[in-house]
Amino acid sequence: MKNSSIPQCPVARGLDSVGDAWSILVLRDAHAGLTRFDQFRKSLGIVPTMLTKRLKALTEDGLLEKRLYSEKPPREEYILTDAGRDFLPVLMMIGAWAHRHCGGDLARYVDVETGGEIQPIAIDAVTGAKLGTRAMRMAP
C-alpha cells in the first residue's frame, strides 16, 4: 500500500512499513522474545509463504535484522533493530485502545518488576498534554 492521499503524511509513511496485521503481530511477538521463523509461525498460525513475505518486508524496512544462529545447516533469526524496538509504544497504545473500545476479556500489560498493570498513555513531550485533549493539525 503506497498511500499518498496527504503528501508527507507520517501515518501513511508508517503504514507503508507496518501497515498490515501480520507485520504488527510479528513485531508484537518479536517484542515478546520470539526470533525464529518456526516460533513466529507457531505463535501466529500463519502460512509460511505469508510469514516469509512479512519478515522480508520488515527486514527491508529496517525493523528487523537477520542474524545467523547456526552455520550447519544455515539458520537465521530475526532481531529487533532500534526502529523495531521503537515500535513497542505503538503496540501498547493499540492494546490500550482495544481495552477501551473493543471489550472482551483481554490480556493486560504488567510491569515485571512491580507486578502492577501498565496503563499506557500518549503525551506530547513538549507540553506534557495528553494526546487527544488539544486540537492539532498537520504541518509540512
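Residue numbers run from 1 in the order of the sequence given. Given the structure is predicted, the values throughout are model-derived calculations rather than measurements.
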Only counting residues at least two apart or in another chain, list the ones meeting side chain to side chain donor-acceptor pair (under 3.5 Å) with D20. S23, R54
Is there a side-chain contact between L27 and L80 in this structure, where contact means two heavy atoms from C-beta onward sitting under 4.5 Å apart? yes
Sequence neighbours excluded and cut-off under 3.5 Å, please list the side-chain donor-acceptor pairs for residues 63-71, or say none.
{"residue": "R67", "atom": "NE", "partner": "E77", "partner atom": "OE2", "Å": "3.2"}
{"residue": "R67", "atom": "NH2", "partner": "E77", "partner atom": "OE2", "Å": "2.9"}
{"residue": "S70", "atom": "OG", "partner": "P73", "partner atom": "O", "Å": "2.8"}

Heavy-atom side-chain contact between V90 and M93 under 4.5 Å: no
Residue that, paired with Y78, satisfies side-chain contact (heavy atoms from CB on, under 4.5 Å) out of L55, V26, L34, T35: L55
How many angstroms lie between atom CZ of F87 and atom CG of L58, to the nearest 0.5 angstrom? 9.0 Å
Are V47 and L51 joined in one hydrophobic group, where the rule is that I, L, V, M, F, W and Y side chains link up if heavy atoms are under 4.5 Å apart? yes
May I ask you to test the R28-L44 pair for a side-chain heavy-atom distance under 4.5 Å? yes
Atom pair NE2/CG of H31 and L91 - distance to nearest 0.5 Å: 5.5 Å
Indicate the atoms forming the closest heavy-atom contact of A83 with G62, along with that distance. CB-O, 3.5 Å
Taking only residues two or more places apart in sequence, or in another chain, which ones meet H99 in a side chain to side chain donor-acceptor pair (under 3.5 Å)? R108
In Å, rounded to the nearest 0.5 Å, how long is the span from CG of L106 to CZ of R100? 12.0 Å
For I118 against V110, the heavy-atom pair lying closest together: CD1-C, 3.9 Å
Determine whether W97 and M136 fall in the same hydrophobic cluster, where Ile, Leu, Val, Met, Phe, Trp and Tyr are linked whenever their side-chain heavy atoms lie under 4.5 Å apart. no
Quick check: closest heavy atoms across D61 and S17, and the distance to 0.1 Å? OD2-CA, 3.3 Å
Output for pair (T52 OG1, M50 CE), nearest 0.5 Å, gives 10.0 Å
Assess the residue pair F40 and I46 against the criterion (side-chain contact (heavy atoms from CB on, under 4.5 Å)); give the C-alpha distance rounded to whole Å, side-chain angles, the decisive distance to 0.1 Å, and a yes or no. CA-CA 8 Å; F40 290 118; I46 186 174; 5.8 Å; no
